[in-house]
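Everything numeric in this text was worked out from a predicted model, so none of it was measured. So that the names make sense, note that chain A is the first sequence line, chain B the second, and so on, each numbered from 1. Values reported hereafter were calculated over all heavy atoms of this structure, with side chains retained and with hydrogens, waters and symmetry mates removed.
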Number of protein chains: 2
Amino acid sequence: MKNLFKDWPTDRLTRHVNQMGSQLDDWLHLTMDRTVRLAVTGLNQSGKTVFTTTLIHHLLHALEGSNLPGLKVADENRLLGTRIMLQPDLDIPAFPYERHIRTLLSNKPAWPVPTEALSEIRLAIRFRPAGVLSSRLATSSTLYLDIIDYPGEWLLDLPMLKHSFESWSEQTLKLCEEEPRLSLSARWRAQLAELNPATPANEEEIRRISESYTDFLMACKNPKVGLSFLQPGRFTIPGDLKGAPLLTFCPLPKAGASGIPSGSLHEAMARRFDSYQKLVAEGFLKRHFSRFDRQIVLLDLLGALNRGPNAFADMHTSLEAILENFRHGPSSLLTRLFSPRIDRLLFAATKADYVAANQHHNLERLLRRLVARSANDASFLGVEIQSQALSSMRCTRTVVREHNGRRLSFVQGTPKGRDRETLLFPGEIPEILPEPEEWSAQRFHFMEFEPRRPPDAPGPTAPHIRMDQALEFLLGDKLR
Amino acid sequence: MKNLFKDWPTDRLTRHVNQMGSQLDDWLHLTMDRTVRLAVTGLNQSGKTVFTTTLIHHLLHALEGSNLPGLKVADENRLLGTRIMLQPDLDIPAFPYERHIRTLLSNKPAWPVPTEALSEIRLAIRFRPAGVLSSRLATSSTLYLDIIDYPGEWLLDLPMLKHSFESWSEQTLKLCEEEPRLSLSARWRAQLAELNPATPANEEEIRRISESYTDFLMACKNPKVGLSFLQPGRFTIPGDLKGAPLLTFCPLPKAGASGIPSGSLHEAMARRFDSYQKLVAEGFLKRHFSRFDRQIVLLDLLGALNRGPNAFADMHTSLEAILENFRHGPSSLLTRLFSPRIDRLLFAATKADYVAANQHHNLERLLRRLVARSANDASFLGVEIQSQALSSMRCTRTVVREHNGRRLSFVQGTPKGRDRETLLFPGEIPEILPEPEEWSAQRFHFMEFEPRRPPDAPGPTAPHIRMDQALEFLLGDKLR
């Protein structure tokens with residue numbers, strides 16, 4: 001249709017369209033349709049599955065009074081409807097939206113079991129364009145929104161691409177000089193000390209020491225420890241590579257003066273590191289990452305505060321490594337390999353409803369401080385970066401009470417594992433990064449809650465906090 | 001090394017080699033080393049994992065007195081040793097040999113849990129060549145044996161490649177006109193009858209009817225029913241495609257006179273069938289099947305006899321479909337797409353130890369009859385096909401007893417689920433295909449046994465029946 005009409009004067013085209021039926025109308029929309037590939041990922045059980053599920057839920061039910069004032073296309077009554085469509089990649093698991101929303105909104109709501117693989121879903125969002133000319137040309141447009149949900153662990157594979165096996169080994173071994181890695185890696189390092197990497201490669205030995213290293217990574221990932229800067233990412237979430245030799249290597253100490261003998265264990269591990277970079281990190285980059293338009297990274301900042309200064313510092317390291325993937329400029333390996341087309345990147349601190357409303361601002365400020373140093377770098381030219389707090393599904397309400405003559409903000413909700421509502425004082429969130437000496441043993445202890453709808457929640461859809469603002473940042477410009 | 005020596009007269013080369021140390025000796029072997037990719041697959045819980053595990057076990061322990069008289073390289077004392085090496089495909093799960101052999105040979109032996117994916121292992125078999133000249137040239141050679149273990153279900157995807165969606169639908173619906181498919185497919189066919197495939201494609205409807213079709217296939221696969229001709233293969237063993245839209249289609253009745261409307265459910269399903277052929281069946285063919293040198297297909301013929309005439313006939317259909325994959329000639333789609341290089345194909349009826357020794361011959365004759373019609377076809381020129389009975393791990397012994405004045409052959413072993421040895425009369429195996437009327441309700445009832453070593457088993461390794469003959473057919477010519 002594009003070619004047929006391209007030389008017509010606009011007014012003639014408009015007149016022509018007005019005379020014709022809905023079929024041509026439909027054809028014309030096609031020429032104005034757009035696709036956005038939105039990647040959703042997260043660190044440390046950040047609520048990725050709940051975010052994706054409720055995002056879809058809000059868009060599907062936006063016309064039934066979903067509470068999305070911050071999403072302009074909804075606020076301006078230009079949203080016409082949303083449908084789930086066939087996803088573009090037929091060989092990728094479909095995001096199981098129906099199953100998750102049933103779990104979340106059932107009579108006995110529960111948090112969905114997180115999936116540990118990449119999945120995809122396509123929505124068609126039909127809307128009336130905001131501009132005058134386009135509203136005369138076409139009464140509606142469609143935005144195809146592909147949401148790709150993938151483990152945040154895999155994002156940490158990308159900064160591995162700039163490393164050689166030697167430099168990556170050095171970095172990883174250096175991290176192990178400090179707690180909690182120092183203790184958690186003790187068994188692996190003891191085995192490493194007994195190993196002579198210059199001896200001929202032996203598959204059984206390679207597998208044993210790699211398993212030991214993987215055990216160390218899993219111990220770091222354990223929610224009680226909660227570290228997130230764990231490489232290689234596939235060692236903790238192997239997906240379809242479970243049991244493959246690609247996942248059998250580990251960092252080794254620098255080779256001695258005699259170098260790396262041919263056929264040695266050291267050489268075999270270095271080769272496997274190279275294959276991992278090539279097949280896994282580059283594979284993910286080529287097939288998926290380079291096709292994303294927008295990215296949201298979810299973070300459980302409250303959980304990281306609970307887990308103390310080490311876990312918190314580690315999240316900071318992870319954030320900086322992730323931001324590296326978006327760094328532009330001639331020096332970036334990623335840019336040389338591919339040109340990622342992501343132009344908007346949102347960091348979101350989830351579970352904002354676990355603290356009182358007056359703390360949301362501090363939560364956002366804290367997140368901004370974490371991201372600030374890297375994000376303000378001039379080399380990010382071209383990628384718009386934003387940070388905000390949100391709650392995909394609000395399960396509490398804020399209650400202000402007088403307590404010993406002071407006005408305090410409490411949250412009321414059903415704490416995790418219980419079945420009755422309770423009033424809790426979650427405490428305050430620091431707006432700047434706490435200094436090491438400021439972390440007393442029990443300084444932070446934020447409770448988690450069951451997905452029970454609070455009595456003050458408005459509207460027929462799931463209540464939320466600032467989901468509309470996240471949607472507006474991620475999609476708003478495509479829905480004009 | 002090849003180029004360096006290629007113009008030397010043989011005697012000078014021989015002299016030279018004799019003067020030099022083992023390093024050159026090693027180099028020379030390299031030029032004589034060979035690789036064989038052996039594919040192991042099976043239908044209907046045929047004992048694929050046990051076969052692969054014990055095959056490796058026998059080769060690893062051949063020098064400790066493994067009982068392999070039929071394997072010439074062992075019988076002629078030319079076998080020098082076998083080692084597990086790094087497999088060539090780093091991104092494919094490693095066959096977990098150690099785990100399985102520990103389970104099989106522990107104090108409380110158990111059958112290993114079957115894996116439902118492709119896996120790989122590489123062995124290096126060092127041997128002395130049999131010929132005079134080569135034995136002077138090099139004291140040893142190495143055969144690299146890559147064993148690839150994959151679900152037999154996937155093999156049944158290959159004959160789908162010759163079909164259009166229409167012809168495949170017709171064939172599959174025709175199969176559903178007879179029991180047991182008629183009853184098992186009732187729910188799916190009822191949903192199909194309510195469907196109008198000419199209406200616009202609706203993702204939810206497509207998924208619902210595909211799930212219903214998948215349920216039907218799973219019901220056919222249930223060990224009590226035991227059908228094996230189930231397409232598409234990935235519907236019952238999805239592997240990493242679990243949840244992917246590629247697995248959401250099903251056969252549809254022939255379109256009416258008005259044809260297949262654009263955008264209809266019929267069109268969407270036909271497209272998905274095409275994508276399945278392209279991505280799954282062709283993908284498997286390209287990456288794996290076309291690289292196999294030798295193939296063994298394991299069959300649980302005793303189980304098929306137990307399950308009655310329908311399951312038995314269905315196994316026959318599957319065998320013929322599998323043989324189609326090896327059919328040469330210009331008319332073959334497979335040959336046109338790729339030239340599979342498989343030159344030897346072994347059909348093996350497993351679990352031969354579940355019947356008395358005097359029945360093994362009948363078991364082989366029955367298997368040959370099943371395979372005969374297709375295998376004798378002249379178009380198989382170039383693929384050597386053999387059929388035999390075997391037991392990867394013999395768990396019984398044959399005991400001949402006088403019973404009412406007749407000499408009868410019993411088997412003694414520990415029946416499945418029990419913990420004591422019992423003497424059983426398993427009955428006889430027909431040497432020709434039984435006619436439909438010959439299947440009385442309880443004609444066949446072969447028991448399964450626990451993996452307990454029988455007291456008469458010789459040698460330090462696991463006892464077996466005719467594993468050596470299988471190995472000689474599959475590898476013997478490469479170990480000369």
If you check every heavy atom in residues 239-247 of chain A against those of chain B, which residues fall under 4.5 Å? A:Asp240, A:Leu241, A:Lys242, A:Gly243, A:Ala244, A:Pro245, A:Leu246
Under 4.5 Å from any heavy atom of chain A - which part of B:Ile92: backbone
Those residues of residues 263-270 of chain B that come under 4.5 Å of chain A on a heavy-atom basis, listed by number, are none
Atom pair CG/NZ of B:Leu90 and A:Lys278 - distance to nearest 0.5 Å: 13.0 Å
Which one of A:Ser119, A:Pro238, A:Ala94 has the most heavy-atom pairs closer than 4.5 Å to chain B? A:Ala94
In terms of heavy-atom proximity below 4.5 Å to chain B, should A:Asp89 be classed as side chain, backbone, both, or neither? backbone
A:Arg291 CZ: over 12 foreign heavy atoms closer than 6.0 Å: yes
Quick one: of A:Glu120, A:Arg207, A:Arg272, A:Met85, who has the most non-hydrogen atom pairs under 4.5 Å with chain B? A:Arg272
Report yes if some heavy atom in the side chain of A:Glu204 is under 4.5 Å from a heavy atom in the side chain of B:Glu98; otherwise report no. yes
Max heavy-atom pair count under 4.5 Å with chain A, selected residue of B:Ile84, B:Leu86, B:Ile206: B:Leu86
Tell me if the CZ atom of A:Arg287 is crowded by more than 12 foreign heavy atoms within 6.0 Å. yes
Quick one: pull up OH in B:Tyr276 and CG in A:Asp91 and give me the separation to the nearest 0.5 Å. 12.5 Å
